[in-house]
Amino acid sequence: MKRNVLVVANWKMHGQLSWIEKFVKELNRGLALETAEHLVLCPPFVYMEHLYRSLIGTGIRVGAQNMHGTSQGAFTGEVAASMLVDVGCKFVILGHSERRTQCGEDDRQVAIKFELAKQSGLTPILCVGENAEERAAGLTEVVIQRQLDAVLLHAGQEAFSGAVIAYEPVWAIGTGNSATPEQAQAVHAFVRRHVSRHDPDAAAVMPIVYGGSVKAANARLLAEQSDVDGALVGGASLVVSDFLAISEGFMSAVAR
Ligand code: PEP
């Protein structure tokens, strides 16, 4: 039996009200009842409440793509964790590689956000992963351990209790070049082992999801890996039929 399976849609900076309405309608039409509670949709901030309201009664939950590391104040253009909670948000993606590279977020800033998310009642989805050069240099585990340790240092030994980790190799995001199921499994097992050194109970149940060019065609094989508990899906989450097929691929592993 798999741990709690989660399939998370990261819509990034895509979507409009009319698109969201159509998406939700089609998703509900194609979705098996037992799958809904395993799905999380992460829209741009401005659509969060609208999406939350459209999903009431479906079991599908809503997540954010980011948040600020301070609870409130003079931070023009930013959004606080408490505001996300206020509009029905349950999850927050933190440390996505696009925010690390494009917005200069470092491990410590991500760790501060992680702790605040938990304190605010959000489930953080911490993204970790190496870039192509780091993998080629054999540094995958070094990089990921550094990213995990920053959170452990800031938020304590039990930081990962109730959290989700997403392994997202940077070289696989948006490239069509997914990690193989074996590559994903090896890193997921490493992540679980490392967390286990600090908090074995959390490590045993913590969902570790894979992200990076997940598609209908590779979802089932990824889902078969013992430490791959779901997916964080970018591009393919914008197409309802693809997102449904990916979700079904991972749900088939729940029964096993
Ligand atoms: C992502 O950006 O989190 C992601 C996994 O993107 P894609 O599925 O498009 O590779």
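Just so you know, ligand 1 is whichever comes first in the structure, and atom 1 is the first atom listed for that ligand. Side chains are part of it too, since the values below use all heavy atoms of this structure and drop only hydrogens, waters and symmetry mates.
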Q.
Could you check whether K113 pairs with E105 (Lys NZ or Arg NE/NH1/NH2 to Asp/Glu carboxylate O, under 4.0 Å)?
A. yes
Please list, one pair per line, the donor and acceptor atoms closer than 3.5 Å that link side chains of residues 11-26 to other protein atoms, with sequence neighbours excluded.
residue, atom, partner, partner atom, Å
W11, NE1, S237, O, 3.2
K12, NZ, E98, OE2, 2.8
E21, OE2, H50, NE2, 3.2

Indicate every side-chain donor-acceptor pair of residues 117-135 with a distance under 3.5 Å to a residue at least two apart or in another chain.
residue, atom, partner, partner atom, Å
K118, NZ, A159, O, 2.7
K118, NZ, S161, O, 2.8
S120, OG, L116, O, 2.6
E130, OE1, Y167, OH, 3.0
E130, OE2, R135, NE, 2.7
E130, OE2, R135, NH2, 3.4
E130, OE2, Y167, OH, 2.9
E130, OE2, W171, NE1, 2.9
N131, OD1, E133, N, 3.1
N131, OD1, E134, N, 2.8
E134, OE1, N131, N, 2.8
R135, NH2, Y167, OH, 3.3

Q: Scan residues 110-156 for pairs that pass ring pair (Phe, Tyr, Trp, His ring centres under 6.0 Å), counting only residues two or more places apart or in two chains.
A: F114-F160
Filter the ligand 1-protein atom pairs down to N or O on both sides and distance under 3.5 Å, then list them.
residue, atom, partner, partner atom, Å
ligand 1, 2 (O), K12, NZ, 2.5
ligand 1, 2 (O), H96, NE2, 2.8
ligand 1, 3 (O), H96, NE2, 2.9
ligand 1, 3 (O), E168, OE1, 3.1
ligand 1, 3 (O), E168, OE2, 2.8
ligand 1, 8 (O), G234, N, 2.8
ligand 1, 9 (O), G235, N, 2.8
ligand 1, 10 (O), G174, N, 2.7
ligand 1, 10 (O), S213, N, 2.7

Q | Lys/Arg-Asp/Glu bridge criterion (N-O < 4.0 Å) met for R99, D106 | A | no
(Q) Please give me the minimum heavy-atom distance between L152 and Q157, naming the atom from each residue. (A) CD2-O, 3.8 Å
